[in-house]
Amino acid sequence: MKMKKFTACLTAGVLSAALLAGCSGTPAGKAESAPDKNPAQSHSETATEDARFDDTFLAMDTVMTVSAFGPKGQAGVKAAREKIEALDALLSTGSETSEVSRLNAEGGGSLSEDTLALAKASLALYEDTDGAFDISIYPVMKLWGFDRLDDLSADNPDIPTKEELAETLALVDAGELSLDTENSVLTYGLPGMAVDFGGITKGYASDTVIHMLRDMGIRHALLNLGGNVQALGAKPDGSKWRVGIRYPDLQSSDIVGIVSVENKAVITSGDYERTIPGTDYHHIIDPATGWPVENGLRSVTIVSEDGTLADGLSTSLFVMGMEKAEEYWRSHREAFDVIFLTEDLKLHVTEGIAEDFKPADGYKMDIIS
Ligand code: AMP
Ligand code: MG
């Protein structure tokens, strides 16, 4: 099923030359200048700057494609996959042996370097977004069943009761998490608290890998981590990477527009990605209510040089809703741009990215300044 969607995405009309972001749960993109077969693959150290190497694999519950160009491309792709797989093993709430599961079982504990970086970024966002981004949302995610979607059916979606929700929501408060950065220790202030970095993990992974590839001497690379895209440099021919923003329905392979970027992450949060079977309830939860967010937004795409920030903010601005999110952008406009898709299927694009965004035929856009 997943692979079918992937194929549909890659072959959809305009998309043969585009890179698709947000074909959720599936790989959403492909570097456009890639030759079908790369004769340099077996002699990577002698490869030309435009020789492409790539790998597609499953990690973090999604399909990922990593592409890197040039003589170091092959080594880069290998290192990228290893790093992503290591982060997955560290951060997966679904694995009993992950660091996050150990923290959740023990009410906190010592953090490895990556988890410390994620905890710092997440708690800073919690403060800065007025609590819209809250990693302590995990007990509510579990109550809704997002940790066992395969066990739920449309006949039995198992919607929480008001009482269950109120009781569980009492555990959600990242203000009760204390982070000792000196000693790399996170302490949970309430018994039963649990954290989930799912709203920021893929952006952190892409950001970390892009820095790693740059340090290896690679100048052009593209990561597509389940529709979350991050680019190193421009394409080898100097043109920008083209990233499609998907139509907010997993059954469709359409896109609503294309954004052209270099050296940036393009990360989308949408209401269509993981839903409770038989319902429209989706996986982005308002920490103030415990309910999946319903505020007139269908998706929020953040474009930023900082992949971690882009991922954290895609989730946060989706929770805030359009009005508050616009205000937030105005006070942080140097750090990122946004493409909002509202339920009337209109696009609202912040001015920093407006010139690099093209709506698909039939879609209207306005510019936020
Ligand atoms: P994203 O697709 O980046 O918006 O991430 C969605 C994931 O973030 C969910 O599957 C949860 O793991 C987590 N999440 C949901 N709601 C929140 C929230 N309000 N703050 C932080 N993380 C959240
Ligand atoms: Mg996110």
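When a ligand or atom number is given, it counts from 1 through the structure's own listing order.
When all heavy atoms are compared, the tightest approach of L223 to V66 is CD2-CG1, 3.7 Å. Taking every heavy atom of both residues into account, A265 and G307 meet most closely at CB-CA, 3.7 Å.
Using a cut-off of 2.8 Å, one finds that G312 contributes no N/O/S atom close to the Mg ion (ligand 2). The Mg ion (ligand 2) has an N, O or S atom of T315 under 2.8 Å away, backbone or side chain.
Other residues, nucleotides and ligands place more than 12 heavy atoms under 6.0 Å from the NZ atom of K324.
Residue D196 has at least one heavy-atom neighbour below 4.0 Å for each of these atoms of ligand 1: 11 (C), 12 (O). Ligand 1 places these atoms under 4.0 Å from at least one heavy atom of P287: 19 (N). Atoms of ligand 1 found under 4.0 Å from any heavy atom of D311 (numbered from 1 in listed order, with element): 3 (O). Residue S269 has at least one heavy-atom neighbour below 4.0 Å for each of these atoms of ligand 1: 1 (P), 2 (O), 3 (O), 4 (O). Short contacts between ligand 1 and A132, defined as distances under 4.0 Å to a heavy atom of the residue, involve ligand atoms 18 (C), 19 (N), 20 (N). Residue I137 approaches ligand 1 through these ligand atoms, each under 4.0 Å from one of its heavy atoms: 14 (N), 17 (C), 23 (C).
Closest heavy-atom approach to atom 19 (N) of ligand 1 within the set T268, I285, D134: this belongs to I285.
Taking distance alone, with nitrogen or oxygen atoms compared against 3.5 Å, R274 approaches ligand 1 more closely than that limit.
A salt bridge links D55 with R81: at least one charged nitrogen is closer than 4.0 Å to a carboxylate oxygen.
Between H282 and F318, the distance separating the two ring centers is shorter than 6.0 angstrom.
The main-chain N or O of G109 is never found under 3.5 Å from a side-chain atom of R102 such that the two would form a donor-acceptor pair. No donor-acceptor pair closer than 3.5 Å links the side chain of S314 to the backbone N or O of V300.
Contacts between M141 and ligand 1, counted as non-hydrogen atom pairs separated by less than 4.0 Å, involve the side chain only.
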